Protein chains: 2
Amino acid sequence: MYDKLLDHIRQNVPATSIKKQIIEEYFTPKLFEKKEHFLKQGYICKFAGFVIEGCYRNYILSTEGKEVNTGFGFENWWLGDVSSFVNQTPTLINTQFLEDTTLLTITAKNHLDLLEKSQCFREYTNKLRSTATTASVLKLSGLSESASTRYKVLLEKYPKIQQRISQKQIASFLQITPEALCRLRKSEIP
Amino acid sequence: MYDKLLDHIRQNVPATSIKKQIIEEYFTPKLFEKKEHFLKQGYICKFAGFVIEGCYRNYILSTEGKEVNTGFGFENWWLGDVSSFVNQTPTLINTQFLEDTTLLTITAKNHLDLLEKSQCFREYTNKLRSTATTASVLKLSGLSESASTRYKVLLEKYPKIQQRISQKQIASFLQITPEALCRLRKSEIP
DNA sequence: TAAAATCGTTGACCTACATCAAGACTTTTA
DNA sequence: TAAAAGTCTTGATGTAGGTCAACGATTTTA
């Protein structure tokens with residue numbers, strides 16, 4: 001289990017010197033059931049987590065209280081709201097598991113310690129956070145395309161997403177209704 | 001000029017020990033004219049910049065080549081694509097000045113040096129980047145609201161934006177046509 | 001395992017915003 | 001400072017996707 005995280009660090013910082021023992025010391029495994037929440041609007045993000053197995057969705061609540069998915073995460077992704085985690089301020093993001101999920105979690109305090117202690121973990125964190133920012137911006141711009149284009153792009157990027165995520169959730173992510181997605185599928189994949 | 005950046009650091013990291021001399025050593029002032037680009041898709045972001053005076057827009061190109069604004073920046077904002085800057089990879093973002101603008105710029109190398117050297121600058125950078133990520137996510141979700149709601153929210157957040165940014169640019173940011181924005185204004189502000 | 005809830009699909013109808021066009025006003029350029 | 005280019009506004013018309021409703025299929029719960 002700890003190896004999965006270690007591998008991920010190695011992938012991003014090939015020259016890493018980080019030891020498995022460190023990971024075991026700083027991270028705690030946690031199990032969550034499908035539909036459980038990892039994070040809810042208004043709470044402070046006390047832990048960050050790395051997905052060993054399972055998946056989740058991030059969503060926000062619109063002014064009318066509608067849930068709008070902002071993204072999904074699978075194995076080898078991090079979850080937790082960086083802003084809330086770093087500044088220990090209430091989050092605006094909700095994170096809910098879509099399958100039973102195993103995480104490696106780390107507290108904010110441990111994370112800070114590890115950042116100070118390990119130059120390589122600093123690099124790793126830096127790298128992940130910088131690419132996360134870009135991803136958000138790109139997603140954003142994607143919304144200027146038609147729903148049909150956005151759907152195609154999504155399928156190109158994650159061909160297997162339909163095996164794991166329900167149409168309702170995908171529709172929310174594309175910011176269209178499930179009905180519209182249903183019609184899209186019918187017309188586009190003959 | 002350097003004081004403006006120093007003040008901004010102090011605002012975010014009250015206990016800072018950073019000296020004006022350091023700022024003067026690591027940052028270089030630069031002037032840009034209205035319509036000049038700071039960053040173009042495909043190039044690597046060699047500098048980050050802090051706006052002393054002026055403003056800019058970030059935009060991306062949709063698949064059909066249309067420019068879509070992702071945000072504006074004014075005095076006391078940073079510009080530059082974090083992802084491209086940190087990883088020295090080509091950016092997907094375009095940054096263009098909407099007024100004659102004065103920046104304090106720092107090279108990627110100097111930025112790395114300063115991060116290693118100054119614990120306080122590390123905190124400062126961390127804080128800015130984490131809030132930037134959140135801002136993107138929230139903007140994203142905002143698009144699920146109607147154009148009219150998005151416009152109202154924008155005006156609440158930046159009441160003076162209309163004095164500095166043209167309707168065409170605001171429309172692109174709201175992801176509607178200038179015509180639609182014109183009609184919105186007429187109907188909403190009687 | 002029966003009942004209840006949720007999901008995917010389809011049809012009928014509606015609305016917010018896009019597109020195209022054209023004129024008045026403002027800013028930039030030579 | 002005159003010409004050219006870009007901006008704002010308004011009108012007429014088109015369309016992608018929303019809303020509401022209904023039904024069978026699947027999943028969840030008791």
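These numbers were taken from a predicted model, which means no experiment stands behind them. Note on naming: letters A, B, ... go to the chains in the order of the sequence lines (proteins, then strands), and numbering restarts at 1 for each one.
Spacing between atom CD of Gln167(B) and atom P of dC25(C) amounts to 16 Å, rounded to whole angstrom units. If you measure from atom CZ of Arg185(B) to atom C1' of dT9(D), you get 11 Å, rounded to the nearest angstrom. Nucleotide dT19(C) holds its P atom 9 Å from the CD atom of Glu64(B), rounded to whole Å. Look at CG on Leu98(A): it is 14 Å from C1' on dC7(C), rounded to the nearest Å. Lys168(A) has its NZ atom 15 Å from the P atom of dT9(C), to the nearest Å.
Ion pair Lys4(A)/Asp7(A) not flagged as a salt bridge, since none of the NZ, NE, NH1 or NH2 atoms sits closer than 4.0 Å to an Asp/Glu carboxylate oxygen. Ionic pairing of Arg185(A) and Glu179(A) is not present here: no N-O contact between side-chain nitrogen and carboxylate oxygen is shorter than 4.0 angstrom. We find that Lys30(A) and Glu36(A) are not joined by a salt bridge, their nearest charged nitrogen and carboxylate oxygen being 4.0 Å or further apart.
Put simply, Lys186(A) has no side-chain N or O that comes within less than 4.0 Å of OP1 or OP2 on dT9(C).
At least one side-chain heavy atom of Gln162(B) sits under 4.5 Å from a side-chain heavy atom of Leu155(B).
With His111(B) as the fixed residue, the ring pair (Phe, Tyr, Trp, His ring centres under 6.0 Å) test singles out one of Tyr26(B), Phe85(B), Phe47(B), Phe50(B): Phe85(B). For the salt bridge (charged side-chain N to carboxylate O under 4.0 Å, His left out) test with Glu99(A), the passing option among Arg57(A), Lys35(A), Arg164(A) is Arg164(A); the others fail.
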- Message: Does the protein touch nucleotides 17-29 of chain D at the base, only the backbone, or not at all? Give it as B, S and - per nucleotide, heavy atoms under 4.0 Å.
- Response: SSBBB------S-
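Taken over five-pair windows at either terminus, the axes of the helix from dT1(C)-dA30(D) to dA30(C)-dT1(D) are inclined to one another by 70° (rounded to 10 degrees).
Applying the side chain to side chain donor-acceptor pair (under 3.5 Å) test to pairs two or more places apart or on separate chains, none has a residue in residues 42-53 of chain B.
Aromatic ring centres of Phe72(B) and Tyr56(B): separated by at least 6.0 Å.
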